Each structure stands twice: as C-alpha cells, then as structure tokens.
Amino acid sequence: MSKFIVRIMILPACALFVFSACAVRTPSAGGKASAPVITEYTPNISTQEYEKRYQAVYGKFTEQMAAEGNPADFVVDDGKDLFSKVQGSAGKSCASCHGANGEKLKGVAAMYPKYDPAIKGIDTVALQINRCRKDHMGAPELKYESDPQLALELYVKSLSNGVPIHVSIDGPAKPFYEAGKEYYYKRFGQFNFSCALCHVKYAGHMIRANLLSNNRHHTDHFPTYRLDWSGVGSLQKRFRGCNKNVRQEPLPFQSETYRNLELYLTYQGNGVPIQVPGFRM
Amino acid sequence: MKIGNVGAFSLALVLAALPAVVLAAGNAENGKKIVETKSLGNCVACHVIPNMEFPGDVGPDLVQSMQGFTEKDRGTVWQWVWDARVFDPDTIMPPFGPNKFMTKKDVDDVVEYLYSFKKNK
C-alpha cells in the first residue's frame, strides 16, 4: 500500500481522534462551565533511557562542575549572614525565631509550596520569607530575584538538603494544584506549545542541541547557579525564561499562577531529595 | 475548549482545498532558508534535514519521511507544514500557517525544498 493511501485511510480516523485526544478538554455536562479535564501525558521514553541521554549530553559538564565547585556556595554563605542579621522595627533577625543556625527550619522547605489559609492560596519559601520580614520583623520585603532575596531563600532551602521533597496536594491545596496543572498543559503563544509537551511527552528528546529535561527533577535544585545566567536564579526565573523562549507572555514573580505552577511541578518531584544550590548550563 | 469541532471542520476545509495546493510550485532555495533559519521555520530544531549539524529528534527524519511521499502527496506534505493539527490534533508541530510564521507562498517553497530530498524522483 502506498504511503498516500495509508494517509487517506488515517484521515477519517483522525477526525474521530480529534474528539478524544486533546490534552485539555472541558466537559460540557449539564451545560455549566467546569474545570477542564486534563489527560496527563505518558513520557515517550523511559526514565532509564532519559538518564542515559542526560549522561551523554551533560556527563562531562557535571563532572567538571563537581571538581571545580559551585560558585553559588558563596551565595549560601551570604544568606547565612543575612539570616542572623537584625533588621526592621522589631529588632529581630530570622535567627531570633528559627534558631542561630536555622535548626528549627531543617526539613521545612521540603514541604513547600503549601496551602496557607492566611492567604487563601499557595505559599512559597520566597513569599514566606517576605511575610516573616513584614509581619514579624517590621522589615521591608525583599525584591524578588534581588541578591539578598535569593541568598536568604537559598540558605533556607539548603537547611533541607538531602530531605526528600514531600509537598501535599490534599484538601484545600487541591484546586490550586489543579490550576497549576492546567497552566502546565495549556497551549499558548505563537508556537502553541505547553510546558508538558516539551517536559513530559518529549522529555529526553533533543530540540536542536538542547535536551528536553524531565520534570521530575525540575524543582530539587532551585535556586540554582546557571552558566547561561552567570549567576543564581529562582525556579520562577526559569519559568519566565521558558515562557520567553517559546514566545509566551511571562508572568510576574510570585504571581498566583506561578505559585500554583510551582506547587504542581514540585509535587512531580515528591521523593526526590533537595539539593541546592544546583548547577546548570 | 472546542478544539475538537474546529479540528474536524478544518479537516473538511483541507480536503476541499487539496487539489488547489497540489499545483503550486515553489522556490526550493527560499524553502531551504526557511527550514534552516531559527527565526523562520527552524524545522531542524525537531527534524533531521540534509547537511545541518545537531538536528533535533522530536519529529521524524524528514529525509526518510520524504522517501515515502509521492508527487501525488504534495497536498498532504503542504498541510503538514501549514497546520499539522489536522493529522495529529495534539501535535507539537507549531501551526506555521495559522499562527503567521509563514505565508502560503512560503509553505509552497518549503514543500518544494522537502521534495528535493527524494532520492528517486
């Protein structure tokens, strides 16, 4: 059978398929608008195969960076200093409440992001640090992605190094998780891509010279040092980067959608130990 | 979302439009430029293309794919490039026509270039 005939036969099948295969669908039951039903993708290569490809593409680089050390280690030290520095009208430092070496925060970052009834939404480590400054220290909030903000976030996260991520999506967190998933699977921008298309369905494939990364390891190493940034950046900076790369409108840091997205993505990494600062190309 | 209905509708349109596009002859040189240039088609991001280093492997090798298409399939190939959602509603291939990456003439040119990959024309 020629390829042309095969294609002609496939066409009517495609028409049927159109009704069943879209990643995001809105059920019209009862005529009421309701949350879209998202059929999650199955990656089209196995985790083992992905890891083999990662090793082939980045193996040399990861060895080299392990030997040379991570420049972001100095940023962790800056964060530690800031942690015990008294700031604000209450005359307190973070250490006043959380222990001189942050001992009361060990393992805590592994549970973030999480639902917080006080804001009726998702709290991230970055947001929480600023709320502590404002509410408990009487100190100004730190500008997201500024040096001191990243340093403090990095230090607080480093107190959970080695602790497996265990975020909860139960109870009141659930709708925010679903909203994060919806954004992750939404097609938009001129390319009509979604995050999930590249990072789930085609994870492990090469898009030109870039390996499409597997999202199970997207949140364990942020804030991370990144060669391309020649510096440290947050997970949400990476969201903005991917948005821009594929010509989608990036959102503001710590916007509700990005916090929901962070919850969705962090949950995908449940069980993976936190390892900050990461080091990436 | 009503993607389903739109997909089926445009499928009908495409089938009606096929004979018209089959006849168009393009400029392979311009097609090559579109296929290889990052800011234009950038097909090499996902597909193997002749003489291009570090092609992606998200989509099929287009040199191989083209061996399976005959002259009669020009309309099908054209449609793949213009808007692949007609064949796979969940495709990763950007809708190059509807999302204004390319004009119809550009797609004619790309198809002309793709046909130059055929080994036994």
Side-chain angles (χ1 to χ4, degrees), chain A residues 1-8 10-28 33 35-39 41 44-45 53 57 182 185-212 245-247, chain B residues 1-12 14-15 18 22 36 38-39 42-49 52-60 64-77 79-80 83-96 98-101:
Chain A
M1 206 172 357
S2 82
K3 193 151 184 179
F4 182 59
I5 296 175
V6 174
R7 266 159 216 289
I8 290 293
I10 290 171
L11 284 177
C14 284
L16 283 176
F17 204 59
V18 169
F19 290 97
S20 60
C22 300
V24 181
R25 281 175 290 136
T26 308
S28 51
V37 174
I38 294 165
T39 315
Y41 290 135
N44 68 15
I45 62 172
R53 292 184 188 197
V57 178
E182 193 183 337
Y185 273 84
K186 185 175 152 195
R187 302 272 204 136
F188 63 110
Q190 193 187 11
F191 283 105
N192 196 38
F193 290 149
S194 70
C195 314
L197 207 47
C198 285
H199 291 297
V200 185
K201 191 170 177 181
Y202 288 104
H205 287 269
M206 300 299 289
I207 202 149
R208 201 76 210 260
N210 290 313
L211 182 72
L212 291 173
N245 286 346
V246 301
R247 301 186 198 165
Chain B
M1 248 198 255
K2 285 273 162 52
I3 293 180
N5 296 349
V6 174
F9 177 64
S10 55
L11 178 65
V14 167
L15 289 177
L18 281 183
V22 170
E36 295 178 355
K38 188 168 177 192
S39 59
N42 199 18
C43 315
V44 65
C46 297
H47 292 284
V48 168
I49 304 287
M52 285 294 281
E53 281 192 320
F54 306 115
D57 65 0
V58 170
Q64 266 174 31
S65 284
M66 288 313 294
Q67 309 316 312
F69 289 110
T70 69
E71 273 305 319
K72 282 187 192 148
D73 302 330
R74 275 189 183 252
T76 307
V77 175
Q79 182 59 44
W80 268 107
D83 187 352
R85 292 174 296 185
V86 167
F87 303 114
D88 172 5
D90 195 43
T91 186
I92 190 173
M93 240 176 99
F96 289 108
N99 283 14
K100 309 228 176 317
F101 287 89

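Here is the naming used below: chain letters follow the sequence lines, and residue numbers restart at 1 for every chain. Quick caveat: nothing in here was measured; it's all calculated off a predicted structure.
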request  = Among the options A:N210, A:L212, A:N192, pick out the one with the most heavy-atom pairs lying under 4.5 Å from chain B.
outcome  =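 Greatest number of close heavy-atom pairs with chain B: A:N192.
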request  = Give a yes or no on whether a salt bridge exists between B:D57 and A:R53, defined as a side-chain N under 4.0 angstrom from a carboxylate O.
outcome  =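 A salt bridge links B:D57 with A:R53.
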ask   = Closest heavy-atom contact between B:I92 and A:C198?
value =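 Where B:I92 meets A:C198 most closely, the heavy atoms are CD1-SG, 4.2 Å.
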ask   = Atom CZ of B:F96 and atom CD of A:Q190: how far apart are they, to the nearest 0.5 Å?
value =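 Rounded to the nearest 0.5 Å, the CZ-CD separation comes to 9.5 Å.
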request  = Check ring-ring contact (aromatic ring centres under 6.0 Å, His included) between A:Y202 and all other residues, then give those that pass, not counting sequence neighbours.
outcome  = A:H205
request  = List in chain and number order the residues that pass ring-ring contact (aromatic ring centres under 6.0 Å, His included) with A:F193, two or more places apart in sequence or in another chain; answer none if no residue qualifies.
outcome  = A:F191
key: Among the listed options B:C46, B:P95, B:P94, B:A45, the residue most often paired with chain A at heavy-atom distances under 4.5 Å   =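 Looking at each of B:C46, B:P95, B:P94, B:A45 in turn, B:A45 comes out on top.
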message = Taking B:N42's backbone N and O only, do any of them form a donor-acceptor pair with A:R208's side chain (distance below 3.5 Å, no angle check)?
response =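 Side chain of A:R208 to backbone of B:N42: no pair is present.
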inquiry  = Before you tell me yes or no, could you show the steps for A:K201 and B:V58 under side chain to side chain contact (heavy atoms under 4.5 Å, CB included), namely the whole-Å CA-CA distance, both residues' side-chain angles and the distance that decides it to 0.1 Å?
reply    = CA-CA 10 Å; A:K201 191 170 177 181; B:V58 170; over 6 Å; no
